[in-house]
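The shown structure was predicted, so the numbers you read here are calculated from the model rather than taken from an experiment. Counting starts at 1 for both ligands and their atoms, in listed order.
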Amino acid sequence: MTIRITGTGSALPEKTVTNFDLQELVETSDEWIQKRTGIAQRRISTGETVAMLAAQACKKALEMAEKTAAEVDLILVATCSPELLLPCCACQVQDLIGASNAVAFDLNAACSGFLFALNTAQVYLQSGVYKNALVVGSEVLSKLVDWNDRGTCILFGDGAGAAFVETTNEQNLCENGRSSGMECMVQGSDGTRGMVLSCAERAVNSAFFSEEKIESSYIQMDGQEVYKFATKQVPACIQQALEKVEMTVDDVDWFLLHQANVRIIESVAKHLKADIKKFPMNIHNVGNMSSATIPVLLDECCRSSKIKRGDRIVLSGFGAGLTYGASVLVW
Ligand code: COA
């Protein structure tokens, strides 16, 4: 039995916000943002919700996989910015796409969310509990960002990406002799450093207890600590994943990393001694969309035929938690 991604899809809000637009809001410049992050513009919601974007991405993934919504067994939505605490976003997606036979729930591992959801789906599929899953990363981070804070508001964007994953009994042998399918995964969390990237919910204010008022419910970040964490942890975790399948960096065709900062991606490539050309990027156009970055990039690479059947891919994410992970698969 193999587990394969057979469809991908993505959806972005209509509105583009450039660095020049941000210059009107905070003391910053296009030059500073591009030099420090590689971001030129991002999409920002003007009404599109996490659930709407997720549903659009799912429809496209199903279309590519040539499946109907009624055939979906499991919907896993990774998000840290849902509109509603109840019901979960995955149930809203189930309703929007009409996946009436699916089990649906959310998972929050911030920017590692899509990867953690993909790994969770893989375990469900391996165990035979379900035969397929829609795995989604969807965010409207623009509502969690303090638009007066130039340290964070320049980084983030909104969007969604989805992958349809299914089990097959065929071997799916590719022309280059590789067998298409998921190969292995590595995940990790370090809660001791969680507060370097945080966002508070509302305070407890019940009939029995009142917490002190929360100072800010916007994203708070120690950028340099996150940077250090990512540049150290990501290459280590990719190496660990490759060792698990007895592969080296040279056996990998593409590294699809969480798009947080071009400098982080360049540093990871350097640590791994891998050619930077193997690291597709779209951060220039869409910024950091947290859990949505990896599936949106995967969808773009897949639809533009950059990624071809038989290519070995490493997906790797990191983010709040702190969380990190890597997955190895053959397309
Ligand atoms: N425009 C102009 N100047 C800015 C600015 C902005 N948007 N944001 C910060 N600055 C200023 C700072 O105030 C500081 O000024 P000072 O030297 O007078 O004190 C200077 O630029 C350098 O700030 P610093 O925070 O040291 O910059 P940096 O090189 O660390 O870059 C980040 C900041 C946020 C781009 C970088 O730390 C980063 O990308 N970290 C990882 C964050 C991340 O990826 N988070 C999401 C993870 S999922």
* To do: Decide side-chain hydrogen bond (donor to acceptor under 3.5 Å, both in side chains) for T16 and Q41; before the verdict, give the C-alpha distance in whole Å, the side-chain angles of both, and the deciding distance to 0.1 Å.
  => CA-CA 7 Å; T16 298; Q41 57 183 43; 4.7 Å; no

Do the side chain of [X] and the main chain of [Y] share a donor and acceptor less than 3.5 angstrom apart?
X: E139; Y: C80; answer: yes
X: R178; Y: G310; answer: yes
X: N19; Y: S29; answer: no
X: N285; Y: N282; answer: no

* Using distance alone, with no hydrogens and no angle criterion, decide if T323 and S112 have a side-chain donor and acceptor under 3.5 Å apart. =>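 Their side chains do contain a donor-acceptor pair, which is all the 3.5 Å distance test asks for.
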
* Among side-chain atoms of D311 and W254, is any donor-acceptor pair under 3.5 angstrom? ->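 There is such a pair (donor and acceptor under 3.5 Å, judged by atom type) between the side chains of D311 and W254.
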
* **E211 side chain near N205 side chain, heavy-atom distance below 4.5 Å** =>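 Sidechains of N205 and E211: no contact.
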
* Asked: With a 4.5 Å limit on heavy-atom distance, are the side chains of N172 and T168 in contact?
  ->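 When only atoms from C-beta onward are counted, T168 and N172 do touch, with a gap below 4.5 Å.
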
For [atom], what is the closest protein heavy atom, and at what distance to 0.1 Å?
atom: atom 43 (C) of ligand 1; value: V226 CG1, 3.7 Å
atom: atom 48 (S) of ligand 1; value: C111 SG, 3.2 Å
atom: atom 10 (N) of ligand 1; value: W32 CZ2, 3.4 Å
atom: atom 45 (N) of ligand 1; value: M221 SD, 3.2 Å
atom: atom 1 (N) of ligand 1; value: T28 OG1, 2.7 Å
atom: atom 46 (C) of ligand 1; value: N288 ND2, 3.5 Å

Considering all protein heavy atoms, does one lie under 4.0 Å from [atom]?
atom: atom 14 (C) of ligand 1; value: no
atom: atom 28 (P) of ligand 1; value: yes
atom: atom 22 (C) of ligand 1; value: yes
atom: atom 19 (O) of ligand 1; value: no

* To do: Give a yes or no on whether a salt bridge exists between K244 and E183, defined as a side-chain N under 4.0 angstrom from a carboxylate O.
  =>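 Looking at K244 and E183, the cut-off is not met.
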
For [X], is at least one N or O under 3.5 Å away from an N or O on ligand 1?
X: N261; answer: yes
X: R36; answer: yes
X: H258; answer: no

* Between S216 and Q220, does a side-chain hydrogen bond (donor to acceptor under 3.5 Å, both in side chains) hold up when you go through it step by step? -> CA-CA 8 Å; S216 162; Q220 308 281 312; 2.9 Å; yes

* Asked: For the residue pair Y130 and Y124, does the interplanar ring angle fall in the parallel (under 30°), tilted (30 to 60°) or perpendicular (over 60°) class?
  ->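 If you compare the ring of Y130 with that of Y124, the planes turn out tilted.
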
Provide the number and element of each atom of ligand 1 under 4.0 Å from a heavy atom of [X].
X: E27; value: 1 (N), 2 (C)
X: T37; value: 35 (C)
X: F318; value: 48 (S)

* To do: Using non-hydrogen atoms of the residue, decide whether I33 is closer than 4.0 angstrom to ligand 1.
  =>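 No, that is not the case, since the closest heavy atom of the residue is not under 4.0 Å from the ligand.
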
* To do: Please work out which of G319, A320, G223, A260 has its closest non-hydrogen atom nearest to atom 44 (O) of ligand 1.
  =>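 Going through G319, A320, G223, A260 one by one, A260 has the nearest heavy atom to atom 44 (O) of ligand 1.
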
* **Residue selection (non-hydrogen contact nearest atom 31 (O) of ligand 1) among R263, Q224, R150** =>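 Closest candidate by heavy-atom distance is R263.
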
